[in-house]
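Notes for the one structure printed next.
Keep in mind that what you see is a predicted model, and the values were worked out from it rather than measured.
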Amino acid sequence: MTKTTISERPVSPHISIYRWSITMAMSIAHRVSGGALYIGTVFLAVWLESIAYKKEVFETINTIYSSFLGNTVLFFYTFALIHHLVGGIRYLFWDFSPSLLEKKRATQIAKSTVFISIFLTLLIWWCVSAML
């Protein structure tokens with residue numbers, strides 16, 4: 001009976017040996033944006049809860065959220081929300097039309113997901129700033 005060492009055992013593929021593609025990156029970004037939405041929703045809930053308390057509590061929270069840092073966090077929360085929505089629609093289209101999973105089409109759709117997310121986020125912020 002021969003003794004098997006660890007180095008002789010087959011090694012399963014690891015993420016470091018794959019060449020990164022846009023579809024891989026968008027899949028990971030979809031999961032990350034979903035996680036970011038959990039955290040961002042806590043901040044949204046704090047803001048909504050502050051409405052139920054004293055006026056001073058709401059004004060304090062609103063001042064913090066209206067600061068540059070607060071607006072930056074809100075901007076990225078909006079981007080995460082839009083990106084997750086557009087990514088979800090992409091997955092829905094893939095479920096109903098498997099022909100879209102062709103490598104070239106899937107790559108085009110993944111790239112368009114990024115541009116649509118950026119465009120819609122900027123459009124939302126432009127509309128909101130125009131109303132203020």
Side-chain angles (χ1 to χ4, degrees):
M1 197 146 87
T2 58
K3 192 174 186 182
T4 305
T5 62
I6 294 175
S7 62
E8 294 175 17
R9 296 175 61 190
V11 179
S12 63
H14 188 266
I15 198 162
S16 63
I17 68 167
Y18 290 110
R19 200 175 93 220
W20 278 86
S21 65
I22 185 76
T23 52
M24 285 174 64
M26 288 300 97
S27 177
I28 292 168
H30 185 75
R31 291 182 176 110
V32 169
S33 66
L37 290 176
Y38 277 108
I39 297 166
T41 303
V42 170
F43 288 109
L44 179 62
V46 166
W47 182 74
L48 290 172
E49 288 270 336
S50 71
I51 296 170
Y53 291 105
K54 295 179 184 177
K55 184 179 178 183
E56 296 82 24
V57 174
F58 173 72
E59 288 176 354
T60 303
I61 297 293
N62 207 35
T63 302
I64 293 169
Y65 285 11
S66 299
S67 69
F68 177 76
L69 181 62
N71 278 327
T72 304
V73 169
L74 189 57
F75 178 82
F76 284 113
Y77 178 74
T78 308
F79 178 74
L81 182 65
I82 296 299
H83 181 73
H84 199 75
L85 173 72
V86 173
I89 292 170
R90 175 179 60 128
Y91 286 126
L92 189 64
F93 276 112
W94 282 355
D95 287 342
F96 285 112
S97 182
S99 65
L100 295 176
L101 288 171
E102 232 175 71
K103 186 174 182 171
K104 188 175 181 179
R105 281 186 174 174
T107 301
Q108 289 172 340
I109 292 171
K111 287 179 182 177
S112 66
T113 300
V114 175
F115 293 116
I116 291 169
S117 299
I118 292 170
F119 174 75
L120 288 177
T121 302
L122 293 175
L123 181 66
I124 288 169
W125 275 77
W126 178 76
C127 289
V128 168
S129 68
M131 290 187 334
L132 299 176

For F76, does the CZ atom sit with more than 12 other heavy atoms under 6.0 Å from it, leaving out its own atoms?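 Check fails, neighbour count at 12 or below.
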
Could you go through residues 120-127 and list every donor-acceptor pair under 3.5 Å that involves a side-chain atom there, pairing it with any protein atom two or more places apart or in another chain?
residue: T121; atom: OG1; partner: S117; partner atom: O; Å: 2.7
residue: W125; atom: NE1; partner: T78; partner atom: OG1; Å: 3.2

Can you tell me how far [atom2] of [Y] sits from [atom1] of [X], rounded to the nearest 0.5 angstrom?
| X | Y | atom1 | atom2 | answer |
| --- | --- | --- | --- | --- |
| T23 | Q108 | OG1 | CD | 12.5 Å |
| I118 | T113 | CD1 | OG1 | 11.0 Å |
| R31 | M26 | CZ | CE | 12.5 Å |
| S66 | I61 | OG | CD1 | 11.0 Å |
| I109 | I22 | CD1 | CD1 | 12.5 Å |
| E102 | S97 | CD | OG | 10.0 Å |

Pairing residues for F79 by the ring-ring contact (aromatic ring centres under 6.0 Å, His included) criterion, not counting sequence neighbours: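 Per chain and number, F79 pairs via ring-ring contact (aromatic ring centres under 6.0 Å, His included) with H83.
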
Linking directly or through intermediates, with side-chain heavy atoms under 4.5 Å: list the remaining ILVMFWY members grouped with M131, chain and number order.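 For M131, no cluster forms, as it stays isolated from other hydrophobic side chains.
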
Under the salt bridge (charged side-chain N to carboxylate O under 4.0 Å, His left out) definition, can you give me all pairs with a residue in residues 56-77, not counting sequence neighbours?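 Every pair satisfying salt bridge (charged side-chain N to carboxylate O under 4.0 Å, His left out) with a residue in residues 56-77: K55-E59.
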
Enumerate the ring pair (Phe, Tyr, Trp, His ring centres under 6.0 Å) contacts for residues 87-114, please, sequence neighbours excluded, ordered by first and then second residue.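 Qualifying pairs, neighbours excluded: H30-Y91, Y91-W94.
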
Can a donor-acceptor pair be found, under 3.5 Å and without considering hydrogens, that links the side chain of S67 to the backbone of I64?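 Yes; judged by distance alone, with no hydrogens or angles, the pair exists.
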
Taking all heavy atoms of S33 and all of H84, pick out the closest pair and write down the distance.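 Answer, listing the atom of S33 first, then H84: OG-ND1, 3.0 Å.
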
Scan the side chains in residues 36-49 for donor-acceptor partners under 3.5 Å anywhere in the protein, sequence neighbours excluded, and list what turns up.
residue: T41; atom: OG1; partner: L37; partner atom: O; Å: 2.5
residue: T41; atom: OG1; partner: Y77; partner atom: OH; Å: 3.2
residue: W47; atom: NE1; partner: N62; partner atom: OD1; Å: 3.2

